[in-house]
Each structure stands twice: as C-alpha cells, then as structure tokens.
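To keep things clear, I will list the structure first and then write my remarks on it.
Residue numbering restarts at 1 for every chain, and letters A, B, ... go by the order of the sequence lines. None of these values were measured; they are calculated from a predicted model.
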Protein chains: 2
Amino acid sequence: MTDQLKLENQLCFPVYSLAKEIVNQYRPFLDKLDLTYPQYLVMLVLWEQRQQTVSELGEKLHLDSGTLTPLLKRLEQKELVSRDRSKTDERVVCISLTGNGERLQEQASKVPEQLINSMHIAVEELETLKICIQDILTKINQHKK
Amino acid sequence: MTDQLKLENQLCFPVYSLAKEIVNQYRPFLDKLDLTYPQYLVMLVLWEQRQQTVSELGEKLHLDSGTLTPLLKRLEQKELVSRDRSKTDERVVCISLTGNGERLQEQASKVPEQLINSMHIAVEELETLKICIQDILTKINQHKK
DNA sequence: TAAGATTAAATTGCACACAATTTAATTTCA
DNA sequence: TGAAATTAAATTGTGTGCAATTTAATCTTA
C-alpha cells in the first residue's frame with residue numbers, strides 16, 4: 001500500500017473531520033436558536049451589515065445561489081430576513097434583517113463562548129490553528145487566477 | 001457588534017471554508033476516477049484492509065449507516081465493492097473490494113501528489129497544519145466521555 | 001428458554017453543497 | 001438602437017450528513 005494513500009497520512013481527512021466535528025459541536029447551541037450552521041453563518045454576515053445582496057452573501061461565504069436561495073427562503077419563513085428585488089436592478093435580490101433577525105443577535109452573542117467552553121481547548125491553540133488555516137486559504141486563493 | 005460574533009474572529013468559518021476548498025480541489029482529480037470525495041475516503045479505508053463491516057467503516061470515517069448505506073450502494077453499482085450479510089451474524093453487512101475496486105488504487109495513487117501540486121503550498125506547512133488539527137481533534141474526542 | 005434489551009443496517013426526512021441549466025434583466029457595442 | 005453577451009437568481013438533479021425511526025437479528029437474564 002502506498003503510504004501516501006493511507007488515510008492517516010493525508011491532510012484532507014483531518015480537515016474534513018474537524019469541520020464536521022465543529023458543526024456538531026455547534027449543533028446543541030444553534031438548535032436553541034432554531035438555526036442550522038450555514039444559516040448561522042448567514043446571520044453572522046447580516047449582523048455585520050444588515051442588508052446585502054445574495055451575491056454579496058455568496059462571496060463572503062463562498063456559496064452560490066443554488067445553496068443560498070433555498071436557505072434564505074427558510075430564513076424568510078422564520079421571519080429573520082426579508083427578500084426583495086432591487087428597485088434599480090431587478091436581477092438583484094436584497095436580503096435584509098427583520099426585527100426578529102436583529103433581536104436574535106442578543107441570544108447568539110453567547111454562542112462563541114459556549115462553544116469554546118464545550119471544546120475544552122485553550123483559546124491560544126485555537127488562535128494558532130485559525131492563523132495557520134487562514135494562511136493556507138490565502139495561498140490557495142492566490143493561485144486561483 | 002460583539003467582536004466575538006464577527007465572522008473573521010471565529011475559528012469555525014476558516015475550518016468550514018478550508019474543508020470545502022479541499023474537497024473542491026480534489027474534485028477534478030476524483031472526477032477522473034468517477035468518485036466523490038466521501039466515496040474516495042471509503043475506498044482509502046478499504047485499500048488499507050479489503051474487507052470491513054459497515055460499522056468499521058463508519059467508525060474510521062465518523063459516518064453512520066444513514067450516510068454509508070446509500071454511498072456503499074452507489075459503490076456497489078459501480079462494481080467497486082460488494083455488500084454481503086455476514087454468515088455468522090445476519091445483522092452485519094461486510095463490504096469487500098472487487099477486482100475493479102482493487103485496480104482503481106493504481107490510478108488513485110497519483111491523486112495525493114497531484115493535489116499538493118495543485119494547491120501550491122509547501123509540504124511542510126501542510127504537515128504542520130495536519131498535526132495541529134489532529135491535536136485539536138484528539139482533545140475534542142477526549143472530552144467526549 | 002422466552003421476554004426484554006441491545007445491536008447493526010436500513011429507511012425516512014430535512015438541509016446543505018455544487019454542477020448545470022434556465023429565466024429574466026441589464027450591458028455592450030456593432 | 002437593437003441583437004448578442006453578460007449578469008443575478010432561481011431551478012433541477014445528485015450526493016452527502018445527520019437525527020429519528022424502523023426492522024431484523026442477537027444477546028441477556030430472570
């Protein structure tokens with residue numbers, strides 16, 4: 001067996017596992033907000049800027065309309081966001097926080113700390129990992145045209 | 001806005017982005033093998049040991065039968081694996097590589113190197129990241145009973 | 001040993017993620 | 001200016017990932 005093909009020797013599997021594990025760690029806390037993890041990410045972006053187009057959300061989250069359109073319809077059903085065609089360009093759909101959507105931020109503000117506590121890992125170690133990952137993501141993106 | 005709620009200040013988003021990015025980097029190479037990324041992971045595990053139960057695969061890949069059963073049926077349709085009930089315990093399903101499944105390893109052996117080249121990142125840096133992630137995964141798992 | 005508990009897969013249902021295509025609006029430029 | 005190109009979302013279809021439930025087999029133990 002080629003060593004390179006061994007699961008343990010590949011980077012991809014730890015990254016894939018950690019990503020799933022983190023989402024699973026979030027689940028109990030996000031369940032209380034009635035949000036999925038990708039929905040939570042969309043809300044994070046909207047809490048930074050309360051109105052954005054579908055494209056802007058997609059660019060920040062690296063998601064396309066095939067993923068975002070149904071997700072945003074679900075957030076609309078929960079009355080956390082509203083979806084309106086732009087007046088100046090009818091192709092564009094503007095997503096805005098509703099009052100409920102804004103108020104949810106209060107509850108969500110406790111999530112990051114809850115999560116860090118639940119993972120039992122030193123903040124410094126998480127910070128190191130974050131910087132390492134961001135560094136690699138930057139390099140990957142540099143080499144995309 | 002709470003700083004902790006800012007997307008850029010959270011670890012979760014870079015991990016989530018990197019995991020998706022890595023799967024996307026694999027895609028062109030795995031397309032040539034007619035495998036999805038999770039199917040590739042299953043094949044990696046089977047190339048290490050040509051016969052395993054669904055539970056054993058699930059334990060190594062952190063996947064349950066709800067995910068594995070349909071995935072394995074697709075690998076069976078492609079004639080890469082066979083699925084047979086255990087003779088000694090009819091509850092258990094044994095997954096075995098077929099001849100085709102074994103032969104695919106030859107082609108797959110080039111994938112890891114192709115991937116590293118396509119990412120334009122130093123092997124040392126990837127290795128550092130891998131160790132860092134595995135370390136954190138270990139700690140998370142320690143605190144799960 | 002027979003009822004109840006446990007276990008392994010399968011099934012069901014929901015929500016992404018992404019490729020490919022479609023639809024509708026806007027832009028470009030010949 | 002009007003046809004062709006481009007753009008933004010939506011739609012369609014496939015394949016995960018996971019919770020919850022179901023089914024069938026095996027184990028436990030009173």
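- The closest side-chain donor-acceptor pair between Ser118(A) and Gln25(A) falls under 3.5 angstrom.
- The CZ-C1' distance, from Arg83(B) to dA9(C), rounds to 9 Å in whole Å.
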Next item on the list: Test side-chain contact (heavy atoms from CB on, under 4.5 Å) on Glu125(A) and Lys139(B) and set out the steps.
Entry: CA-CA 11 Å; Glu125(A) 190 167 6; Lys139(B) 288 183 183 167; 2.7 Å; yes
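- Between dA9(C), dA17(C), dT16(D), one nucleotide has an atom nearer to the side chain of Val92(B) than all others, and that is dA9(C).
- In this structure, the side chain of Asn24(A) does not engage the main chain of Arg27(A) through any donor-acceptor pair within 3.5 Å.
- Surrounding CD of Gln114(B) are more than 12 heavy atoms belonging to other residues, nucleotides or ligands, all under 6.0 Å away.
- In this structure, Thr67(B) reaches the bases: a heavy-atom distance under 4.0 Å links it to at least one base atom across the strands shown.
- With hydrogens and angles left out, the side chain of Ser65(B) and the base of dA10(C) share a donor-acceptor pair within 3.5 Å.
- Residue contacts for Leu68(A): at a heavy-atom cut-off of 4.0 Å it reaches no nucleic acid atom on any strand shown.
- Between the OH atom of Tyr37(A) and the P atom of dC16(C) there is a distance of 13 Å, given to the nearest Å.
- Nucleic acid contact class of Ser86(A) (heavy atoms, under 4.0 Å, all strands): none.
- Straight-line distance from the CG atom of Leu71(A) to the C1' atom of dT11(D): 16 Å, rounded to whole Å.
- Side-chain atoms of Thr69(B) and base atoms of dA9(C) include no donor and acceptor less than 3.5 Å apart.
- Rounded to whole Å, the distance from CD on Glu90(B) to P on dT26(D) is 6 Å.
- Taking atom CG of residue Leu61(B) and atom P of nucleotide dC18(D), one finds them 11 Å apart after rounding to whole Å.
- With dA8(C), dA15(C), dA9(D) as the candidates, the nucleotide lying closest to the side chain of Ser55(B) is dA8(C).
- Put simply, NZ on Lys73(A) is 12 Å from C1' on dT12(D), counting in whole angstrom units.
- Across all strands, Arg74(B) comes closer than 4.0 Å to base atoms (heavy-atom distances).
- Distance from the side chain of Arg91(B) is smallest to dA24(D) among dA24(D), dC18(D), dA9(C).
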Notebook entry, point to check: After noting the C-alpha distance and the side-chain angles of Thr53(A) and Ser55(A), does the key distance pass the side chain to side chain donor-acceptor pair (under 3.5 Å) rule?
Noted result: CA-CA 5 Å; Thr53(A) 67; Ser55(A) 295; 4.6 Å; no
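- Here the nucleotide nearest the side chain of Asp89(A), chosen from dG17(D), dA17(C), dT26(C), is dT26(C).
- The phosphate of dT16(D) has OP1 or OP2 within less than 4.0 Å of a side-chain N or O from Gln39(B).
- Residues Glu76(B) and Lys73(B) are not paired through a salt bridge, judged by the lack of any N-O separation under 4.0 Å between the basic side chain and the carboxylate.
- Put simply, Thr36(A) has no side-chain N or O that comes within less than 4.0 Å of OP1 or OP2 on dA15(C).
- Map Asn24(A) and Gly66(A) each onto its nearest nucleotide of DNA chain D; the residue landing nearer the 5' end is Gly66(A).
- Note: CZ (Arg85(B)) to P (dT23(D)) measures 14 Å, nearest angstrom.
- Rounded to an integer number of Å, the gap from CD of Glu21(A) to C1' of dC18(D) is 13 Å.
- Each of Tyr16(A) and Cys94(A) has a nearest nucleotide on DNA chain D; the 5'-most of these lies closest to Cys94(A).
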